[in-house]
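Below you'll find the structure, written out as structure tokens, and then a few comments.
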Amino acid sequence: MAVAQSEPSSAAASLTGLARALMQAGRLPTSVLQAAQRQSSLDKSPFIEVLLKSGHISSSELAGFCSEAFGFPVFDLREFDLSTRPEKLVDTKLMLRLRALPLSQRGNRVAVAISDPTQVQSLDQIQFQTASTVEPVIVQHDALMQILDGLGRSTEQSLNDMVDDSFDVDLLSDDTQSTSEADTSEIDDAPVVRFLQKILLDAINVGASDIHFEPFEKFYRIRLRVDGELIEHAQPPVAIKEKLSARIKVLSRLDISEKRVPQDGRMKLALSPTRAIDFRVSTLPTLFGEKLVLRILDASSAQLGIDALGYEPDQREIMLNAIQRPYGMVLVTGPTGSGKTVSLYTCLNILNKPGINIATAEDPAEINLPGVNQVNVNERAGLTFAVALRAFLRQDPDVVMVGEIRDLETADIAIKAAQTGHMVFSTLHTNDAASTLTRLMNMGVAPFNIASSVILITAQRLARRLCTCKRPAQILDAVLLQAGFRKEELDGSWTPFEPAGCERCTNTGYRGRVGIYEIMPITESIERIILNHGSAMEIETQARKDGVKSLRQSGLLKVKQGLTSLEEVLGCTNE
């Protein structure tokens, strides 16, 4: 395909492969393709997976485009009989690495299923491996990866091996830093190791944020938290719980023999020589064994940019203006799992320039951001948030981030830092923006200190984003009015949507999440209320007069835009 046209910008000219083809055909906005290619480069993941995960195009639409643009036929893998494929032709590991599936062989010609026709190196490698002429066939990426994932050794067989009492896993000792090639091979072949790797990869592929390994008296359960919802993923035999727990604890540098007290650690899964995923591991003694929860730490989420977080244009402008100020305090509030860390790190990433000194104190640091000096709080060693903050102020900082303000001492030091020429970011656990200010007053912070230091408060929630299979919802006007819509908004110019369910979203109707925000700048009117020891209700009333949208109002706007459902907004916001 050759489309001759001038590039709109030097940034657009940097697009390559499939991204460039989509841009030249005008199928997607250049900004969307740039963001996807940038993220793909940052986390070393295939561009096609990043693009599909963004939700801007479906797998079937992309397959149709590739067929039309590159002149290869489309094939429906759902109609393909796997038993007819040439099994010995290409090694399974190579197929997984290349994301290509040989479908048939006739003489010296091999039909190969691919989802991204711009990856010509994959076709060249298969041609070299098979010594045959490769004939590409376009298939849907999701269907291709599902088949490739199932070609390895089945989980059921692995579990049968693990239940065998004679099986003994060769675990690395806690202080072992390296092993010989023979030892590594033996460990990688262990069924318990392969099973754990499969669970971790499954969690990454579905976009899970946490993995729960839960032992009970008569069964063992593994659940994944996807888009904020816990979903049961597997029920392996109870007999493997000790081996699985031991393996995770070894990788996390935890004490295998200690099962009576909780432990915390970190581990890493190497997906390729250039890409690794970090996990934060927490153990908890329960009645029937240790429960383990693995938090998946996605460093690429902080690189998405503020446009990808779901701010409305006016909210984004207010936020950017606030963080570009030379000093002051910006507070982010919301419950656990509402995306506060990602929001803070997105702001830090914007400010992360060679001329700015940034220091953060966290418990623990979840996202590694090169160029930022990150400190893990260690209460046992005496390194608290307050101690770290004091040390920061002697390190000539421009920007300081405190993971959480938990006590008066930390609040006082953070506010003094904001008053003495530093930009300070932090979080608080409150329900909305207005109650954050009264929470600081209740902690014992003087009102005049709050009024002179805090410049912006943002409250946020994460709502599940509707999949592309969404369908129009029939909702009575009375219900919409009760939810918070104004009567003049029900003019028929927009349609609410509800989840439908398809293979792409595993029949939940939702795929990914979108942020809902209340962005409240501290105006002179709100400062006066603070100085007069005003209540959260007074502050909220004034914020509405100043044009600040509440969480519910912001959520209803996402409903009008068709990004999420009314049910989802009502579930995560209060009015």
Side-chain angles (χ1 to χ4, degrees), residues 278 280 295 297-306 309 311 319-334 336-379 383-407 409-430 433 436 439-440 445 450 453-460 515 517 519 522:
D278 288 315
R280 190 179 73 199
R295 166 66 59 89
L297 306 178
D298 185 7
S300 64
S301 58
Q303 310 285 346
L304 293 176
I306 197 167
L309 297 184
Y311 290 99
M319 172 67 84
L320 289 174
N321 288 338
I323 67 174
Q324 297 288 354
R325 290 173 61 169
Y327 58 87
M329 179 182 284
V330 173
L331 295 173
V332 179
T333 182
T336 302
S338 59
K340 299 188 297 295
T341 302
V342 171
S343 293
L344 284 174
Y345 265 90
T346 300
C347 295
L348 292 181
N349 199 40
I350 293 172
L351 300 175
N352 188 14
K353 300 174 183 176
I356 296 181
N357 180 22
I358 304 176
T360 73
E362 301 165 78
D363 185 21
E366 294 190 3
I367 298 174
N368 179 26
L369 195 60
V372 174
N373 304 288
Q374 297 171 269
V375 174
N376 272 335
V377 169
N378 189 338
E379 301 272 355
L383 181 56
T384 62
F385 282 119
V387 171
L389 260 176
R390 285 197 186 92
F392 288 166
L393 297 180
R394 296 191 291 271
Q395 294 274 317
D396 185 30
D398 298 299
V399 178
V400 172
M401 196 268 272
V402 187
E404 184 183 350
I405 293 178
R406 299 175 179 172
D407 51 52
E409 184 182 15
T410 305
D412 272 338
I413 300 171
I415 282 175
K416 287 174 184 175
Q419 292 171 332
T420 54
H422 306 89
M423 174 56 69
V424 179
F425 295 94
S426 190
T427 68
L428 273 173
H429 285 284
T430 55
T436 303
R439 171 75 184 278
L440 288 173
V445 181
I450 299 174
S453 58
V454 180
I455 59 174
L456 179 80
I457 299 175
T458 170
Q460 65 182 73
Y517 303 93
I519 306 292
I522 307 304

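No side-chain heavy atom of Phe392 sits less than 4.5 Å from a side-chain heavy atom of Thr360. No side-chain heavy atom of Ile457 sits under 4.5 Å from any side-chain heavy atom of Val332. The shortest side-chain heavy-atom distance between Val377 and Glu379 falls under the 4.5 Å cut-off. At least one side-chain heavy atom of Met423 sits under 4.5 Å from a side-chain heavy atom of Val330. Two residues are said to be in side-chain contact when any heavy atoms from C-beta on lie closer than 4.5 Å; Ile415 and Met329 meet this criterion.
Atom CD1 of Ile413 sits about 3.5 Å away from atom CZ of Arg390, to the nearest 0.5 Å. Atom CD1 of Ile519 is separated from atom OG1 of Thr458 by 3.0 Å, given to the nearest 0.5 angstrom. Separating the CZ atom in Arg439 from the CG atom in Leu331 is a distance of 11.5 Å, to the nearest 0.5 Å. To the nearest 0.5 Å, atoms CD (Gln395) and CG (Leu393) are separated by 10.0 Å. Taken to the nearest 0.5 Å, the SG atom of Cys347 stands 12.5 Å off from the CG atom of Asn352. Within the model, atoms OH of Tyr327 and OG1 of Thr420 stand 10.5 Å from one another, a figure rounded to the nearest 0.5 Å.
Judged by distance alone, the side chain of Ser453 and the main-chain N or O of Ala418 form no donor-acceptor pair under 3.5 Å. Between the Asn373 side chain and the Ile358 main chain, a donor and an acceptor come within less than 3.5 Å of each other. A donor-acceptor contact shorter than 3.5 Å is absent between the side chain of Lys340 and the backbone of Thr427.
In this structure, Val454 and Leu440 approach most closely via the heavy-atom pair CG2-CD1, 4.3 Å. Closest approach of Ser343 to Gln460, counting heavy atoms only: OG-OE1, 2.9 Å. Between Gln374 and Ala365, the shortest heavy-atom distance links the atoms NE2-CB, 3.9 Å. Of all the heavy atoms in Phe425 and Leu344, the pair that sits closest is CB-CD2, 3.7 Å.
The side-chain contact (heavy atoms from CB on, under 4.5 Å) check on Asn321 picks up Glu317, with sequence neighbours excluded. In this structure Thr436 satisfies the side-chain hydrogen bond (donor to acceptor under 3.5 Å, both in side chains) test together with Thr430, sequence neighbours excluded.
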What donor-acceptor contacts under 3.5 angstrom involve side-chain atoms of residues 398-407, with partners at least two apart or in another chain?
from	atom 1	to	atom 2	distance (Å)
Asp398	OD2	Asn357	N	2.8
Glu404	OE1	Arg406	NE	3.3
Arg406	NH2	Asp363	OD2	3.1
Asp407	OD1	Glu409	N	3.3
Asp407	OD1	Thr410	N	2.7
Asp407	OD1	Thr410	OG1	2.8

